[in-house]
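Structure first, commentary second.
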Amino acid sequence: EGEEGVTFDSGLSGQECKAAALSATIRYLERVIDSHQIQLQEGMFHTDFVDDTFDSLPSATEVDAVTTKQSNLIPTAYLDNILEATTLFNISFSADGIPSLNDVDHHLVLDFVKESFSYFLSNVKSLLLERIVDNVEGDEEINEKENIMADDEEDMYGDEAYSEVSAAMTLLVHSVRELASGLALPDVGINVNFASSLVEQAINVTETMVRKRVAQKFMFLRQHVAQDCLGPFIKDSIALTNNSETIRVVEIVKMASVTLSDGLQLVDDTVKSILTRGVVVSDLKGVDYVMVKEAVQDCCRRFAIWLAGTLEILAGCENPDENYTIEAEEKTDDFFEDATSEATDQQVPDTDGNIQEDDTSEMEQDNIMEKVNSIVEGVIDEVNDAVSEEAQADLVLAISEMCRLAQQSVMDSINQSIISTAARGKKHTRKSGIFASNDFEKKDSSLSEEDAKVSTRFLLAASRTLTLYGINRGSQAAFFACRDLSTVAREQGEDFPKAPREGIISLLHIAKETSIACANVFGGERRAGPEPEPLQDEDDVFHSGGSTPFKTKPISTLSGIPSVKGLQLDVERMFAETTPTFPHPSSIIDFSRNAVVFLVLKVAFNAIVEQIRICTCRSMGYRQIQVDVLFLRFLLPHYVKDDLIGEGKNGRTVLDNVLNDVVDNAGERCLDLDCVGQDKIYNPVNGESITLQSVIRDFMMDNDQEEGDKQKGNEHIKSKFVIEEDGNTQ
């Protein structure tokens with residue numbers, strides 16, 4: 001008593017003390033978050049124990065009971081402490097307890113609120129993401145444990161499990177709004193705009209969670225479509241083609257149409273489940289409903305792009321993903337023994353192509369897409385193992401038509417589903433199924449720019465698969481035409497062949513089947529023209545196409561005379577009308593019978609050219625090639641119209657020029673120069689000349705006289721390559 005008090009000196013200025021106090025408060029708030037996480041873990045352990053006591057799938061009441069027992073996902077006490085610390089700071093360091101902070105103190109408070117609120121949001125976002133993943137893994141475990149659970153029950157349980165996260169997001173927005181209101185009070189003195197920005201950040205977090213849930217459900221949709229639509233379609237198509245005497249591609253196309261309708265119905269169900277329950281509940285305030293619709297539209301577009309790419313892969317096209325890496329490993333001695341197991345381990349990567357990545361995490365996407373890829377891979381294996389080349393070709397043609405049908409139907413149907421669900425109105429119905437119009441290539445002016453890109457992607461998928469169909473059929477035709485060409489070319493003799501080779505007949509048989517199949521799918525006539533009139537001796541053998549089947553072309557190189565070489569030959573080939581053998585992957589092929597048959601014949605004819613270039617010809621072989629070429633040229637007007645086909649080129653003229661190359665190359669490689677360029681042989685015995693025209697004419701007339709054999713059940717040769725009028729069969 002009586003002594004003077006001792007003044008404590010911390011060595012810190014008043015401003016430094018204020019900063020230290022706020023820093024210590026942040027450390028305390030971090031401990032609040034740590035305690036909250038411990039409580040959540042304890043609640044999760046309790047939930048797992050309760051789940052193990054269930055004998056079957058928990059009901060909605062049981063799920064709600066478990067959710068109630070769990071700790072709250074949002075640490076609201078943390079926000080209360082921020083408001084309390086800010087208010088106490090203003091009162092403690094203001095004159096007479098009236099909040100009136102200077103600029104320096106005001107910046108200290110703002111920095112404190114920014115740092116603490118940012119730490120709060122990052123932890124809450126992590127907790128919500130973790131809970132979403134836990135719900136997904138929980139659904140998968142239940143699906144494995146309860147194998148009899150129906151798909152609708154699975155979706156319902158997933159939505160109920162997500163309702164906890166949805167309720168937490170509602171609480172988050174509500175709590176942050178209360179914090180912002182408290183900070184904007186005069187006792188605290190925080191700027192209103194700054195306080196409003198906190199609410200916007202919280203809403204952004206909730207919107208991010210909603211987008212992730214939407215993307216998650218659409219990832220599951222891919223699995224359902226692959227398993228419940230594409231897989232059964234392939235199996236049913238295989239059964240149809242294997243059990244039928246003739247492959248009916250029209251029936252497969254109808255099945256493809258039904259499959260596409262079923263897939264769109266699954267999309268419609270997914271959209272309804274997102275916009276009406278599970279993802280956006282009625283008490284989720286602060287989340288813009290328009291944002292949810294936009295998220296659904298974005299996911300629908302990504303799903304459509306995935307579907308187009310998957311259909312390409314099922315048809316046999318290369319993976320459209322630009323990031324797809326082909327891994328090559330050294331083959332071991334046990335390679336062939338382990339081929340089956342290695343094929344099983346390989347995965348078909350995602351087929352999103354150039355579309356941006358989904359909002360789901362990489363772990364979620366990998367887990368779901370692993371299942372989808374496994375399903376697609378299994379379907380591809382079934383096609384390769386159980387289907388013949390002809391049946392597989394019809395399946396590819398049906399998939400191409402499926403993509404063409406989807407070009408406008410998919411986005412129209414999806415947009416209508418979103419609009420009708422959002423408006424809670426009557427769903428749009430079509431009079432004749434989802435494909436009421438046959439004008440699929442006409443752009444719908446109502447489509448947005450993004451939807452038009454999806455429509456174009458389906459068009460590109462249809463073109464690629466149809467091109468693959470034509471190339472495959474052309475390769476099959478080339479196999480028959482080239483398999484004995486090397487042997488035939490080396491034959492020597494002084495006589496003319498009596499008929500075209502059997503391989504040439506098989507080539508035209510494939511062209512006939514292709515022409516009929518494409519006419520059945522695309523409509524229109526089954527042939528370009530009737531069976532040509534018999535050749536006359538005065539008809540020019542080597543022509544350039546055009547409306548007249550045979551007309552004079554005064555270019556000597558086209559007769560295969562080897563004396564015309566060098567510059568003249570190069571100039572003539574430079575101006576010859578040609579097109580690349582294989583179309584560019586980004587080009588759009590005409591969806592018509594004429595274009596596909598042209599592609600088949602172009603691939604086959606070019607294969608003959610390449611085969612001739614590695615052969616050495618003798619007299620009899622050279623004449624056989626002349627007969628084959630003349631026979632093919634003679635029947636060109638029967639298969640290909642005299643029209644422009646892609647790039648402004650006349651299809652018949654292009655094929656004609658390829659056949660000219662066949663004769664040119666055969667003449668250049670013929671060792672018996674006397675026969676090169678000659679289209680007839682003089683017979684001194686009877687004083688008559690045998691011409692190429694007469695060989696073809698006699699062959700066609702002899703087969704016309706086999707009608708009696710046809711009635712007896714014998715195979716008629718002309719029926720292999722002559723296409724009857726619509727409605728008639730041979």
Side-chain angles (χ1 to χ4, degrees), residues 57 132-159 161-162 211-236 259-274 278-279 295-296 298-314 319-321 344-353 355 357-383 402 406 410 414 417:
L57 180 67
I132 292 177
V133 175
D134 290 341
N135 288 337
V136 174
E137 294 177 351
D139 290 348
E140 294 177 351
E141 293 177 358
I142 292 176
N143 292 343
E144 295 176 358
K145 186 176 180 180
E146 301 292 337
N147 196 24
I148 61 175
M149 183 174 63
D151 292 339
D152 54 349
E153 294 176 351
E154 174 188 347
D155 294 338
M156 180 183 67
Y157 180 74
D159 290 340
Y162 184 78
R211 289 181 181 274
K212 287 184 178 294
R213 176 57 176 171
V214 172
Q216 185 185 85
K217 291 182 73 68
F218 271 90
M219 293 296 289
F220 282 118
L221 174 64
R222 298 185 185 186
Q223 179 178 347
H224 285 302
V225 170
Q227 182 174 355
D228 301 334
C229 297
L230 300 181
F233 162 66
I234 297 297
K235 293 180 180 178
D236 294 342
T259 300
L260 186 59
S261 299
D262 294 341
L264 291 177
Q265 184 60 50
L266 290 178
V267 176
D268 182 69
D269 295 340
T270 301
V271 171
K272 288 183 177 179
S273 68
I274 292 174
V279 172
V296 171
D298 291 340
C299 289
C300 285
R301 296 186 186 105
R302 285 197 292 267
F303 167 80
I305 295 295
W306 166 84
L307 179 61
T310 301
L311 291 176
E312 285 185 5
I313 294 177
L314 290 177
N319 197 297
D321 187 1
T344 304
D345 294 337
Q346 293 175 357
Q347 296 181 2
V348 180
D350 190 10
T351 55
D352 275 348
I355 297 301
E357 295 182 358
D358 288 339
D359 292 329
T360 50
S361 64
E362 293 183 1
M363 180 172 21
E364 294 177 67
Q365 181 173 351
D366 292 342
N367 292 338
I368 300 174
M369 288 309 301
E370 182 178 357
K371 296 181 179 181
V372 176
N373 296 335
S374 178
I375 296 172
V376 174
E377 178 187 306
V379 173
I380 295 175
D381 291 340
E382 288 189 28
V383 174
M402 185 178 183
V410 167
I414 289 176
S417 175

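Listed here is the closest heavy atom pair of Arg222 and Phe303: CG-CD1, 4.0 Å. Among all heavy-atom pairs drawn from Ala215 and Cys299, the shortest one is CA-SG, 3.6 Å.
Atom CD in Glu312 sits 10.5 Å away from atom CG in Leu307 (nearest 0.5 Å). In this structure, Leu311 CG and Thr259 OG1 are separated by 9.5 Å, a value rounded to the nearest 0.5 Å. For the atom pair CZ of Phe220 and CG of Leu266, the computed distance is 14.5 Å after rounding to the nearest 0.5 Å. Atom OG in Ser261 sits 12.0 Å away from atom CG in Asp268 (nearest 0.5 Å). Atoms CG and CD, on Asp228 and Gln265 in that order, are 13.0 Å from each other to the nearest 0.5 Å.
Remark: Arg302 does not engage Asp298 in a salt bridge, criterion side-chain N to carboxylate O under 4.0 Å.
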Stepwise side chain to side chain contact (heavy atoms under 4.5 Å, CB included) check, Leu260 with Val410: CA-CA 8 Å; Leu260 186 59; Val410 167; 4.1 Å; yes
Do Lys217 and Leu221 pass the side chain to side chain contact (heavy atoms under 4.5 Å, CB included) test, and can you show the C-alpha distance, the side-chain angles, and the key distance before you say yes or no? CA-CA 6 Å; Lys217 291 182 73 68; Leu221 174 64; over 6 Å; no
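Contact check for Cys300 versus Val271: side-chain heavy atoms found under the 4.5 Å cut-off.
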